[in-house]
Protein chains: 2
Amino acid sequence: MTNASPAPKSRGKTSGTGNDPFAAIADPTRRALLDMLLEGEQPVAALVDRVDVTFGAVSQHLKILREAGLVERRAAGRQRIYSARAARLAEVDAWVAQYRRFWSEKLDTLGDYLDETS
Amino acid sequence: MTNASPAPKSRGKTSGTGNDPFAAIADPTRRALLDMLLEGEQPVAALVDRVDVTFGAVSQHLKILREAGLVERRAAGRQRIYSARAARLAEVDAWVAQYRRFWSEKLDTLGDYLDETS
DNA sequence: CTTATATTTTAGGTATTACTAAAATGTCAA
DNA sequence: TTGACATTTTAGTAATACCTAAAATATAAG
């Protein structure tokens with residue numbers, strides 16, 4: 001027997017980019033946006049010219065981040081001011097935390113990683 | 001003016017699922033596989049019957065995880081034994097760490113780290 | 001050599017993603 | 001009102017992701 005089909009596979013609820021923080025931070029542009037907001041709240045236009053995609057694209061990314069609970073929006077005149085709302089990243093952090101003991105039984109500086117050690 | 005095109009946009013190097021740990025852990029099945037490997041190294045077949053996709057799909061996921069440096073493979077007879085290689089998650093951890101102060105100025109029981117540096 | 005086992009790879013399909021350009025919405029100001 | 005500004009939404013497209021079934025590879029055993 002070659003393969004055992006595990007079910008008809010409805011392909012229906014993959015949760016998607018919206019609302020899942022892991023999916024939300026998978027995109028490098030979205031991480032860049034979050035990083036910018038880490039410096040403080042900003043209107044969309046301020047983010048746009050640091051990011052090399054169109055205004056529309058940034059707006060769409062912000063929507064995804066907002067649906068994931070990672071940013072907040074506030075109205076100010078005709079602007080929309082966005083700010084980071086990192087609480088939702090706690091879910092990601094909790095997951096990664098399980099693995100911490102694997103790479104650092106000794107937790108050094110916490111500032112340098114990226115190695116191979118093999 | 002409606003939009004300012006930021007460049008022809010070659011759509012070429014989005015890094016993709018392979019080799020980018022953020023993209024690698026975006027998929028829930030892959031996170032599940034990593035979680036299983038956290039219990040200890042395992043041959044592919046052992047993972048397959050806890051995951052509800054075909055053998056082929058699991059093999060593909062493991063390939064992506066391997067390309068991202070998140071798992072290791074070892075041969076044992078005709079089996080391939082996989083094990084978690086969490087070091088690469090340090091990159092994710094480092095990124096998330098920037099945000100920790102946002103949701104916990106007091107860092108309770110989470111993973112318990114000395115983030116500091118600010 | 002032949003067959004069974006364990007896994008990987010390929011081919012093909014469908015869904016989702018990320019992007020752009022343009023249209024739509026909402027707000028401010030003359 | 002009219003027009004400019006700030007942002008969002010829509011429509012359409014190309015690339016990517018994930019999945020299955022089946023073929024291919026590799027090792028072990030009779």
Side-chain angles (χ1 to χ4, degrees), chain A residues 1-20 22-33 41-49 51-68 71 73-82, chain B residues 1-20 22-33 41-49 51-68 71 73-82:
Chain A
M1 200 179 297
T2 314
N3 259 332
S5 311
K9 221 46 187 154
S10 60
R11 307 272 322 89
K13 282 262 81 52
T14 324
S15 80
T17 305
N19 76 53
D20 176 14
F22 286 94
I25 66 171
D27 184 83
T29 301
R30 279 191 300 266
R31 286 198 302 279
L33 291 171
E41 54 172 31
Q42 315 204 34
V44 184
L47 301 166
V48 168
D49 44 55
V51 112
D52 197 47
V53 291
T54 58
F55 214 118
V58 170
S59 186
Q60 288 167 102
H61 278 308
L62 289 170
K63 183 180 188 178
I64 289 166
L65 288 171
R66 198 150 49 85
E67 288 171 350
V71 301
R73 187 170 57 165
R74 167 169 78 80
R78 47 193 148 183
Q79 307 192 115
R80 294 294 183 277
I81 315 287
Y82 282 82
Chain B
M1 201 178 294
T2 315
N3 260 329
S5 311
K9 224 42 191 157
S10 61
R11 309 274 315 89
K13 283 264 79 48
T14 323
S15 78
T17 306
N19 74 52
D20 175 15
F22 286 93
I25 66 172
D27 183 85
T29 301
R30 280 191 299 266
R31 287 199 301 280
L33 290 171
E41 56 172 32
Q42 312 203 35
V44 184
L47 301 166
V48 169
D49 45 56
V51 113
D52 198 47
V53 290
T54 58
F55 214 119
V58 170
S59 186
Q60 288 167 101
H61 278 308
L62 289 169
K63 184 181 188 178
I64 289 167
L65 289 171
R66 197 151 51 86
E67 285 170 353
V71 301
R73 188 170 56 167
R74 166 170 77 78
R78 49 193 145 181
Q79 307 192 114
R80 293 295 180 276
I81 314 287
Y82 282 83

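Proteins come first, then strands; the chains are lettered A, B, ... in the order of their sequence lines, and each starts at number 1.
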Looking at B:His61, does any N or O in its side chain come under 4.0 Å of the phosphate oxygens OP1/OP2 on D:dC19? yes
Does the pair B:Ile64 and B:Asp27 meet the rule for a side chain to side chain contact (heavy atoms under 4.5 Å, CB included), with working shown? CA-CA 11 Å; B:Ile64 289 167; B:Asp27 183 85; over 6 Å; no
Rounded to whole angstroms, how far apart are CG on A:Asp52 and C1' on C:dC19? 12 Å
According to a strict under-4.0 Å criterion, is A:Arg30 in side-chain N/O contact with OP1 or OP2 of C:dA18? yes
For B:Glu67 and D:dC18, give me the distance from atom CD to atom P, rounded to whole Å. 12 Å
B:Phe55 has its side chain closest, among C:dA18, C:dT8, D:dC19, to C:dT8
Check the distance between D:dT7's C1' and A:Arg74's CZ and give it to me in whole angstrom. 15 Å
Does A:Tyr82 put a side-chain nitrogen or oxygen below 4.0 Å from OP1 or OP2 of D:dT8? yes
Options D:dT7, D:dA4, C:dT8, nucleotide nearest the side-chain atoms of A:Arg78: D:dA4
Just to confirm, is there a sub-4.0 Å distance from OP1 or OP2 of C:dT17 to any side-chain nitrogen or oxygen of A:Thr17? yes
In whole Å, what is the span from the CG atom of B:Leu62 to the C1' atom of C:dT9? 14 Å
Does B:Thr54 place a side-chain N or O at less than 4.0 Å from the phosphate oxygens OP1/OP2 of D:dT20? yes
When the nearest nucleotide of DNA chain C is assigned to A:Ile64 and to A:Gly77 on a heavy-atom basis, which residue is associated with the more 5' position? A:Ile64
Here the distance between atom C1' of C:dT7 and atom CG of B:Asp49, to the nearest Å, is 14 Å
How many Å lie between CG on B:Asp27 and C1' on D:dA17, as a whole number? 9 Å
Who pairs with A:Glu67 by side chain to side chain donor-acceptor pair (under 3.5 Å), at least two apart in sequence or on another chain? none
Between B:Arg31 and B:Ala26, is there a donor-acceptor pair closer than 3.5 Å when you use the side chain of the first and the backbone of the second? yes
On DNA chain C, nearest-nucleotide positions of B:Val44 versus A:Ala23: which is more 5'? B:Val44
Rounded to the nearest 0.5 Å, what separates atom CZ in B:Arg74 from atom CD in B:Gln79? 9.5 Å
Sidechain-backbone polar pair: B:Arg30 side chain, B:Ala24 backbone, donor-acceptor under 3.5 Å: yes
OP1 or OP2 of D:dT7 less than 4.0 angstrom from a side-chain nitrogen or oxygen of A:Arg73, does that happen here? no
Taking the minimum atom-to-atom distance to the side chain of B:Ala45, which one of D:dT20, D:dT8, C:dT7 wins? C:dT7
Between P of D:dT10 and CD of A:Gln60, the distance in whole Å: 10 Å
Gap between atoms CD1 and P, on A:Ile25 and C:dA18 respectively (whole Å): 13 Å
